[in-house]
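Since the structure comes first, as structure tokens, the remarks are kept for the end.
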Amino acid sequence: MKISVIGTGYVGLVAGACFADTGNDVICIDHDANKIARLQRGEIPFFEPGLGELVAHNVAEGRLSFTTDLASGVAGARVAFIAVGTPMSDDGEADLRAVKDVARAIAQAMTGPMIIVNKSTVPVGTNRLLRGLIRETARYPLDIVSNPEFLKEGAAIEDFMKPDRVVIGTDSPEAAEVMRDIYAPFVRTGKPILEMDPESAEVSKYAANSLLATKITFMNEVARICEVVGADVSKVRQGIGSDARIGHQFLFPGVGYGGSCFPKDIRAFTLLGRRKNAPLQILEVVERVNSEQKRLLAQKVVRRFGEKLQGRVFAIWGLAFKPKTDDMREAPSLVVIDELLARGARVRAFDPEARKTAAAILGDRIEITERPYEALAGASALLALTEWNEFRRPDFDRIKSLLEEPVIFDGRNMYDAARVMKLGFEYYGIGVRDSAYE
Ligand SMILES: NC(=O)c1ccc[n+]([C@@H]2O[C@H](COP(=O)([O-])OP(=O)(O)OC[C@H]3O[C@@H](n4cnc5c(N)ncnc54)[C@H](O)[C@@H]3O)[C@@H](O)[C@H]2O)c1
């Protein structure tokens with residue numbers, strides 16, 4: 001089947017490569033000429049484990065190609081997936097301009113009956129809105145399906161190839177059948193394809209991200225109480241996560257959630273609630289608590305070193321919003337860096353994959369090193385912000401010899417507080433018995 005995918009970001013490129021890998025003839029379209037040129041040269045424009053190999057293989061097999069020309073890319077396709085960005089607009093709502101533009105352009109370019117499948121995360125009601133938008137223009141029968149994407153950056157291919165579920169929101173039985181056909185290879189282990197009306201599909205996406213963000217935020221608050229009563233949130237996490245009704249995932253406290261999805265989706269869902277007079281009160285608080293959490297580590301630094309940080313350098317390990325990605329959208333590191341710079345400190349940082357992203361965002365506001373230990377020389381403390389594997393078992397003697405003072409702020413509780421303190425460090429974690437408690 002010929003499939004077009006519009007938008008070659010984390011979602012579109014992964015979806016396109018995975019659809020090609022199951023034998024479809026896939027063309028990926030993007031209006032960013034530079035991105036398409038890089039893809040045509042065999043370069044992957046962002047870091048996602050395994051994606052380079054998957055794309056190269058399917059390009060070599062002649063099943064995957066790239067273009068900036070939407071009209072030729074859509075011609076002859078049975079299905080077009082929309083996977084363009086829906087960033088947060090100034091008022092906090094999802095910016096639907098790209099989704100609408102692309103839907104209109106597909107309706108104009110179609111050369112036969114088609115199904116437009118929206119994978120971008122969009123406010124409830126967008127499916128119907130798009131239907132209204134293209135009704136006049138479409139020259140052939142055109143169905144619109146809502147097919148929210150649940151993949152995680154850093155494990156995107158695994159998630160796409162083996163989804164926990166596929167959600168298909170449509171009122172059209174014919175479109176649902178085509179979708180079942182496309183997704184059949186990905187659900188062979190019996191994971192469900194859930195068919196529902198478009199509104200329920202759209203709410204499912206926002207509700208899933210909202211619940212996950214709430215779980216993280218709840219644990220961040222539990223960590224705060226642990227700190228003041230002398231409990232250890234890592235023990236508490238196990239104590240509650242072992243309950244099958246709760247589960248172990250998303251219970252790790254840290255420096256707040258970031259990324260391209262949670263912050264904007266929680267904001268958009270909250271606004272939708274307000275607009276529809278069905279306020280999502282829990283989420284309103286989640287957002288506020290998370291913003292505070294992003295400042296927590298810098299506050300710990302201030303508590304230790306004082307408000308005036310002029311003349312000090314702080315070393316940061318981890319800039320990406322989570323490991324295995326180079327994405328820094330809404331990353332907690334950006335808030336921590338702002339807080340340190342605002343107090344006159346200098347920042348020297350290392351990240352295994354996000355160095356280029358960081359340089360593009362931060363320019364020369366911070367120094368970015370090529371190796372982790374280079375960031376440490378003469379620094380007043382190490383701040384660990386992203387739990388990359390390579391930071392998990394570092395050479396503590398080397399850290400100690402390089403730092404001006406042996407102080408670690410561990411924003412991800414990667415290190416055992418008691419052990420690190422025994423090694424002669426001052427250690428500050430999240431919700432654990434650390435040097436602040438001693
Ligand atoms: N990143 C994730 O982990 C993730 C997971 C699930 C859902 N989503 C949702 O999927 C959507 C895409 O997210 P992403 O992270 O892949 O975004 P992205 O920013 O990485 O990629 C979006 C791509 O769309 C292209 N684009 C924008 N407007 C276009 C237009 N008019 N015509 C052609 N191309 C256009 C951009 O050039 C870019 O390459 C968003 O709605 C997001 O919320 C993202």
Side-chain angles (χ1 to χ4, degrees), residues 4-18 27-39 43-49 51 66-74 80-89 93-106 108-109 116-123 126-127 130 146-160 163-167 201-202 204-210 212-213 257-269 320-331 357 360:
S4 309
V5 181
I6 301 99
T8 56
Y10 291 86
V11 170
L13 190 55
V14 168
C18 292
I27 182 150
C28 286
I29 303 158
D30 204 291
H31 68 174
D32 182 338
N34 179 39
K35 209 172 210 183
I36 291 297
R38 290 182 67 186
L39 285 163
E43 291 172 31
I44 303 296
F46 50 88
F47 175 74
E48 180 60 43
L51 188 57
F66 304 97
T67 183
T68 52
D69 181 11
L70 188 139
S72 69
V74 161
F81 283 84
I82 301 181
V84 295
T86 46
M88 202 190 293
S89 54
E93 297 208 46
D95 184 341
L96 280 182
R97 276 175 300 178
V99 172
K100 288 188 201 163
D101 287 351
V102 168
R104 276 194 214 100
I106 296 171
Q108 271 160 14
I116 293 183
V117 185
N118 181 44
K119 256 198 177 309
S120 298
T121 304
V122 292
T126 301
N127 185 296
L130 294 180
S146 295
N147 171 220
E149 181 51 57
F150 297 95
L151 63 76
K152 300 181 288 297
E153 286 174 27
I157 294 170
E158 173 82 4
D159 286 349
F160 199 93
D164 287 336
R165 77 316 209 172
V166 175
V167 169
E202 288 164 345
S204 297
K205 174 64 194 175
Y206 277 136
N209 274 358
S210 299
L212 294 172
Y257 62 75
S260 67
C261 292
F262 284 7
K264 85 171 167 60
D265 293 354
I266 275 67
R267 179 82 53 86
F269 202 29
F321 84 94
K322 66 174 183 178
K324 296 193 190 166
T325 183
D326 58 0
D327 200 338
M328 283 182 63
R329 288 178 276 187
E330 305 275 337
T357 321

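Count residues from 1 along the sequence. Side chains included, hydrogens not; waters and symmetry mates left out as well; all remaining heavy atoms used. Counting starts at 1 for both ligands and their atoms, in listed order.
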How long is the gap from CG on L51 to CZ on F46, to the nearest 0.5 Å?
->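 Interatomic distance, L51 CG to F46 CZ, rounded to 0.5 Å: 5.5 Å.
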
With a 4.0 angstrom cut-off on heavy atoms, strictly below it, pick out the residues next to ligand 1 and order them by chain and number.
->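 Shell around ligand 1 (4.0 Å, heavy atoms): I6, G7, T8, G9, Y10, V11, D30, H31, D32, K35, A83, V84, G85, T86, A98, V102, S120, T121, E149, L151, E153, K205, S260, C261, K264, R329.
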
Aromatic rings F262 and Y257: how do their planes relate, parallel, tilted or perpendicular, breaks at 30° and 60°?
->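 Rings of F262 and Y257: perpendicular, as their planes differ by over 60°.
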
Check for a donor-acceptor pair, side chain of S146 on one end and backbone N or O of E202 on the other, with a separation under 3.5 Å.
->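 No, because the side chain of S146 does not come within donor-acceptor range (under 3.5 Å) of the backbone of E202.
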
Which residues share a salt bridge (Lys or Arg N to Asp or Glu O under 4.0 Å) with D327, sequence neighbours left out |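 Partners of D327 by the salt bridge (Lys or Arg N to Asp or Glu O under 4.0 Å) criterion, ordered by chain and then number, come out as R329.
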
Partner residues of D326 under the salt bridge (Lys or Arg N to Asp or Glu O under 4.0 Å) criterion, sequence neighbours left out |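 Listed in chain order: nothing, the list is empty.
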
Would you be so kind as to tabulate the donor-acceptor pairs closer than 3.5 Å made by side chains of residues 97-105, with sequence neighbours excluded?
{"unit_1": "R97", "atom_1": "NE", "unit_2": "D95", "atom_2": "OD1", "d": "3.1"}
{"unit_1": "R97", "atom_1": "NE", "unit_2": "D95", "atom_2": "OD2", "d": "3.3"}
{"unit_1": "R97", "atom_1": "NH2", "unit_2": "D95", "atom_2": "OD2", "d": "2.6"}
{"unit_1": "D101", "atom_1": "OD1", "unit_2": "R104", "atom_2": "NH1", "d": "3.3"}

